[in-house]
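Here's the structure, in structure tokens; my notes come after.
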2 protein chains.
Amino acid sequence: MIYVPSRMGQLNRRALLRQLQRLGVASRAELAKALGMSQPTAGKIVDELLELSVLEEVDLSLTNGREPSPSPETILRGRPGRQLRLNQSAARLLGIQLGVNETSIAGLTLGVPERDEWHFNFSSNGGLHPEKNWEQKLRAAAAQVDAEKLLGVVLSVPGVVDEAANKVLFSPNLHWTEKVDLVSLVQRIWDVPVLLVQEERTLALGHQLANPGEDNFLLVDFGDGVGGAIVVEGRPFVGTLPISGEIGHTPVLGNHRKCGCGAIGCIETLVSTGGLLESFAAASRKKNKSWTDLSAHILENGIEPWLAQTLDAAAVAIAGALNVLGLRRVVITGSLTELPPSVITHLSRAVQAGSMWAKFGSVECLAAPRRRAAGLVAVGIDRLVVPDAIPQKISSEK
Amino acid sequence: MIYVPSRMGQLNRRALLRQLQRLGVASRAELAKALGMSQPTAGKIVDELLELSVLEEVDLSLTNGREPSPSPETILRGRPGRQLRLNQSAARLLGIQLGVNETSIAGLTLGVPERDEWHFNFSSNGGLHPEKNWEQKLRAAAAQVDAEKLLGVVLSVPGVVDEAANKVLFSPNLHWTEKVDLVSLVQRIWDVPVLLVQEERTLALGHQLANPGEDNFLLVDFGDGVGGAIVVEGRPFVGTLPISGEIGHTPVLGNHRKCGCGAIGCIETLVSTGGLLESFAAASRKKNKSWTDLSAHILENGIEPWLAQTLDAAAVAIAGALNVLGLRRVVITGSLTELPPSVITHLSRAVQAGSMWAKFGSVECLAAPRRRAAGLVAVGIDRLVVPDAIPQKISSEK
DNA sequence: TCATTAAATAAAGAAAACTACGAAATTCGC
DNA sequence: GCGAATTTCGTAGTTTTCTTTATTTAATGA
């Protein structure tokens, strides 16, 4: 039996990486001081990460070029520290976003991308054998992506995903992904580690990476469906089941709409884009209303009772989640944020009314853009660069 | 700066203790084999725990006395292992259960008590200064409890409890506990560590300890209020806020009853004992119905619509929690389990209908007795015997 | 040139595990 | 009954990983 030392070091590694994400650029000494570790320790971790080309050294002369005056007070005597940042010069990850309608792929640097930029797009569905179609298009795109020294491929998929087993369990709008082994399909094109990530979890991690310091929140994404993901203490929350943050498929009493998931009365049937448009059409007694019609209507008429009820139902589910999880921050992404701000305001008020913590402190409910690319990077860093082997048992098998 | 090695050892210590809880009695060698660690490691941990008198050695002759035939097949050759178990011969913890109406105290051994046995009871409220009254009665009881070598006092309280800060934040039925520093009050009587634990979390940990192997569930306790607690991967789930598992104060759309918490429409107003009796009285148009009346009525008339609706509302909240947390097991304790089993059956069906995992696998919803004493022991072991210093940062301050 | 800060290197040490060995306590075969 | 085999358990020494302190080398401003 071999002594497996549980890689406690990864913990410091992770802490350093996070600190660097926060600071943007920093020297070894700054990192050491900020983290309260000795310089040799910080230096060693940095060296390892440089070796993996996760970090890169920043040429001071270039930075000075951008920043004209090197800020008179900040000038330190002594040897200047070599500034470091996450590698932004070479793509180390390949991100694939397998959306319900469209698939996008992009080479991703480990530095946080300012906004999502997808290089190639193509339809996710189509043909008698959508999986073959998809593979073919992916292969065509592959030729055009410069994928040197790839750490891995990160693949965001909608539905219920077992990230441990790298399998899609349930995907009402992309049924073919349930039957195909996506990982080995992708690995036939790029022979590197492939990570499957659930869509909303990607968004949550992206939000966290793009907003350093926000380490506890529930993200709820509205679109063709409604999904959620949870970040607690800076880490994505995962239970034992490959389900978590599933906020869209809890039933609403008195709602009898049929849901794509097979159940009846799911929240999703009310507050997804489709659900809202259905209610809108019913309320205005006209068919074929579009999302922009709805937005304009709300801008003109405010929150009408049918909409208020719908939002209240969503708010109850969200507040329930906050109460159960002990959270005080909700991040709303997706189609709901495209409607007039009064919608989020109404939702926010309703969430506060139902949330326990609002009685003691403040509960926030805010709109934010989707940060898919950042999320894929976060997943890549988390699971490829600093894979923390959660030590259940110290020793290995005989 | 001194190297603080993050006490990884506690992890193995905890694993060993848990294994022993599972096995009941075991020798060092058995534990080592079961945990896949070497005998010296297991032996060393056992020695430490014996030193703390957390464990005790079992005299084989005594055990043989109870088990007449030492099971013909199990007879092993070689030197027999010295059997160990959690110390059952001396109370090492003092448990206090501060209930809404009654306070109970008991000396607790670290071995799992078969059932709750409380030595002294007295009223929790009363007088102009209930806290002084309470302290006085506690002091009186203290004289009669043999509290030698106490590891600490574990104090279970209802309401919203900040366990990190050892403070009661909110307690609608025992307001005096919010203003008083319960810890220092108790420490004036017993000068040992005092742990404040939220009531439902105690029950959850008690259930876990009494049912080894159940490491993932949501416990919901019904009584004067409705509260929940979560166990994930064998550990109580705690977010950042001192709130978690709060299932009783999420609003139900269309419910306008006033809740003790100050809000309107909380689930608790429907499914607490008081809430159910109120609905029962309204439905039967008679006042002053008792809990036994209700039970008899259900036994005779089955689940009437008013009750079905109430249970469905609770089920939605529970299913929502399961979906968000990724759990598949609900443990129901308290007054609801005293009603005819059809009530739990109805609730269970409704929970399954609303829970996402039921589409993939099974979701269980079962009644169980309250295990307060076991819960207090679990808390004591967790936070006094094997306090795992979650290593945020490896190094200490300068 | 000197003080000052940054980084690299070397050496030491702590924690927690492991292997190896030997003593103690049994059962089994004769 | 008695030695041999077997199993438990403690001790001693080793290994591994990670971190620290101390020292040296480097780069820069005054």
Side-chain angles (χ1 to χ4, degrees), chain A residues 1-16 26-48 50-51 55 57-58 60-61 64 70 72-84 388-389 391 393-398, chain B residues 1-16 26-48 50-51 55 57-58 60-61 64 70 72-84 388-389 391 393-398:
Chain A
M1 208 189 295
I2 314 145
Y3 173 33
V4 178
S6 78
R7 301 167 119 341
M8 219 43 205
Q10 295 288 20
L11 230 151
N12 269 0
R13 229 182 169 184
R14 167 163 262 142
L16 185 139
S27 69
R28 291 162 173 79
E30 285 177 78
L31 289 167
K33 207 185 292 175
L35 294 167
M37 57 176 67
S38 66
Q39 286 191 5
T41 305
K44 208 165 284 183
I45 296 173
V46 166
D47 289 346
E48 286 165 21
L50 280 173
E51 183 61 31
L55 303 186
E57 292 200 349
V58 180
L60 265 177
S61 57
N64 281 349
E73 199 50 39
T74 323
I75 289 185
L76 272 279
R77 299 186 293 188
R79 174 179 174 175
R82 275 142 71 193
Q83 300 297 309
L84 304 155
D388 72 332
K393 213 192 294 176
I394 298 303
S395 45
S396 66
E397 80 288 347
K398 275 190 188 177
Chain B
M1 207 190 293
I2 313 145
Y3 172 34
V4 178
S6 79
R7 303 164 115 342
M8 216 46 203
Q10 295 287 20
L11 230 151
N12 269 0
R13 227 183 172 186
R14 168 163 261 142
L16 184 138
S27 69
R28 292 161 174 78
E30 284 177 79
L31 289 167
K33 208 185 292 175
L35 294 168
M37 56 176 66
S38 66
Q39 287 190 6
T41 304
K44 205 167 287 181
I45 296 173
V46 166
D47 289 346
E48 287 166 20
L50 280 172
E51 182 61 31
L55 304 186
E57 292 199 350
V58 180
L60 265 176
S61 57
N64 281 349
E73 199 49 39
T74 322
I75 289 185
L76 271 282
R77 300 187 291 186
R79 174 178 174 177
R82 275 141 71 192
Q83 300 296 311
L84 304 155
D388 70 334
K393 213 191 295 177
I394 299 303
S395 46
S396 66
E397 79 289 345
K398 275 191 187 176

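This one's a predicted model, so the numbers in the text were calculated from it and none came from an experiment. Just so it is clear: chains get the letters A, B, ... in the order the sequence lines come, proteins before strands, and each one is counted from 1.
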Interatomic distance where CZ belongs to B/Arg79 and P belongs to D/dG10 [whole Å]: 7 Å
A/Glu48 CD - D/dT17 C1' separation (whole Å): 12 Å
Distance in angstrom units between B/Leu11 CG and D/dT17 P, rounded: 18 Å
A/Glu57 CD to C/dA8 C1', straight-line distance once rounded to whole Å: 13 Å
NZ on A/Lys33 to CD on A/Glu30, rounded to 0.5 Å: 7.5 Å
Contact under 4.0 Å: B/Asn12 side-chain N or O vs C/dA16 OP1/OP2: no
Phosphate OP1/OP2 of D/dC18 contacted by A/Thr41 side-chain N/O (<4.0 Å): no
Gap between atoms CZ and P, on A/Arg13 and D/dT17 respectively (whole Å): 14 Å
Sugar-phosphate, base or nothing in reach of A/Lys44, heavy atoms under 4.0 Å: base
Whole-Å distance separating the CG atom of B/Leu16 from the P atom of C/dA17: 11 Å
N or O in side chain of A/Arg28 less than 4.0 angstrom from C/dA8 OP1/OP2: yes
B/Asp47, nearest nucleotide to its side chain (from C/dT5, C/dT19, D/dG10): D/dG10
Nearest-0.5 Å distance that lies between atom OG in B/Ser27 and atom CZ in B/Arg82: 10.5 Å
side-chain N/O A/Arg82 vs C/dA8 OP1/OP2, d < 4.0 Å: yes
Position toward the 5' end of DNA chain D (nearest nucleotide), B/Gly78 or B/Ser27: B/Gly78
Residue B/Gln39, side-chain atoms from C-beta onward, closest of C/dC18, D/dT8, C/dA25: D/dT8
Of the listed nucleotides D/dG10, C/dA7, D/dT19, the one nearest the side chain of A/Ala29: C/dA7
Interatomic spacing from CG in B/Leu50 to CG in B/Leu84 - rounded to 0.5 Å: 6.0 Å
d(CG, A/Leu55; P, C/dA7) in whole Å: 13 Å
Gap between atoms CG and C1', on A/Leu35 and D/dT20 respectively (whole Å): 16 Å
C/dT19 phosphate, OP1 or OP2, under 4.0 Å from B/Ser38 side-chain N/O: no
Nearest-nucleotide pick for B/Pro40, side chain only, options being C/dT9, D/dA27, C/dA20: C/dA20
Identified side chain to side chain contact (heavy atoms under 4.5 Å, CB included) partner of A/Arg28 from the options A/Ile45, A/Thr41, A/Asp47: A/Asp47
Heavy-atom side-chain contact between A/Leu16 and A/Leu35 under 4.5 Å: yes
